[in-house]
Amino acid sequence: MLVTVEGIDGSGKSTLVKGLAGALADLDPVITREPGATWVGEAVRRSIAENDDPMTECLLFIADHAAHLRHVVRPALAAGRIVVSDRYADSRYAYQAVTLKNLLPDPAGWLQAVHAPFTVVPGLTFLCVLPVDAAVTRLKEKREHFEEASVLGEVQQNFLALAEADPERFVLVDALLPVDEMLSFVADEIRRRAGAAR
Ligand SMILES: Nc1ncnc2c1ncn2[C@@H]1O[C@H](COP(=O)(O)OP(=O)(O)OP(=O)(O)O)[C@@H](O)[C@H]1O
Ligand SMILES: Cc1cn([C@H]2C[C@H](O)[C@@H](COP(=O)(O)O)O2)c(=O)[nH]c1=O
């Protein structure tokens with residue numbers, strides 16, 4: 001089963017996924033991420049740091065996804081493993097629909113069309129949701145680079161639209177909950193779905 005964790009910068013995804021590694025240890029999940037699970041991810045990180053062309057960055061994210069599927073996701077699923085990814089294709093649909101909006105007439109439609117022939121759709125996606133100002137406060141405390149608050153607001157709206165269009169796959173998570181409560185809620189839902197899937 002492929003499980004993904006999504007949300008804007010500062011919504012607590014990485015903290016949650018790190019916690020899932022321990023909470024689900026008996027299920028021996030494969031814990032992975034986008035970008036960065038393969039060598040292409042290093043190019044993506046360099047693009048985030050240095051690049052000023054949204055299309056170049058987008059195509060690098062898509063190349064990273066292809067390598068992630070080939071070398072991590074598909075082999076793990078074929079072996080019957082539970083895969084948990086910190087970010088995945090929905091981050092492309094949410095973020096690049098914003099970064100490409102002045103370059104393409106329908107970036108969201110193009111992104112879906114590009115991914116459709118080769119991607120693997122997750123069985124379960126957790127969307128961590130919180131007010132943008134709360135996320136920005138957390139990121140400032142973390143002294144991390146982050147998108148402008150206005151961009152994060154558009155991105156979160158895109159995530160919510162994706163969730164509304166696919167209510168069977170998406171589970172919304174209140175990212176203002178304490179870490180341990182988020183972790184218990186998500187771990188319990190994964191166990192329930194995994195049990196149902198078996
Ligand atoms: N449930 C929570 N309540 C309060 N603070 C949290 C919670 N989850 C994470 N944090 C804190 O918020 C900050 C961002 O957390 P984290 O790095 O997990 O977010 P993220 O969604 O992975 O962000 P990014 O996408 O930028 O990597 C960290 O300082 C973390 O300790
Ligand atoms: C997968 C993916 C990510 N992004 C953005 C989201 C963040 O701002 C950065 C780095 O992600 P991390 O979780 O902080 O490591 O990349 C994106 O714009 N599009 C994507 O597909």
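Indexing begins at 1, ligand by ligand and atom by atom, following the structure's order.
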Original post:
What are the atoms of ligand 1, with element, lying closer than 4.0 Å to any heavy atom of I8?
Top reply: 21 (O)
**OP:** Enumerate the atoms of ligand 1 whose separation from the nearest heavy atom of M182 is less than 4.0 angstrom.
**Re:** 1 (N)
Original post:
Should the pair E42-R46 be classified as a salt bridge under the 4.0 Å nitrogen-to-oxygen rule?
Top reply: no
Original post:
Salt bridge or not for R87 and D9, using N-O below 4.0 Å?
Top reply: yes
Ligand 2 versus [X]: contacting region, heavy-atom distance under 4.0 Å:
| X | result |
| --- | --- |
| E6 | neither |
| R92 | both |
| D86 | neither |
| E57 | neither |

**OP:** Could you tell me if any non-hydrogen atom of R33 lies under 4.0 Å from any atom of ligand 2?
**Re:** yes
**OP:** May I ask which of R138, K13, K18 has a heavy atom nearer to atom 2 (C) of ligand 1 than the others do?
**Re:** R138
Original post:
Can you list the residues that meet the side chain to side chain donor-acceptor pair (under 3.5 Å) rule with D174, with sequence neighbours excluded?
Top reply: none
Subject >> Geometric class of the Y88/H68 ring pair [parallel <30°, tilted 30-60°, perpendicular >60°] >> reply: perpendicular
Original post:
Could an N or O of ligand 2 be found under 3.5 Å from any N or O of Y95, whether backbone or side chain?
Top reply: no
Original post:
Quick one: does L177 get an N or O within less than 3.5 Å of an N or O on ligand 1?
Top reply: yes
Original post:
For residues 96-105, which residue pairs qualify under side-chain hydrogen bond (donor to acceptor under 3.5 Å, both in side chains), counting only residues two or more places apart or in two chains?
Top reply: K101-E154
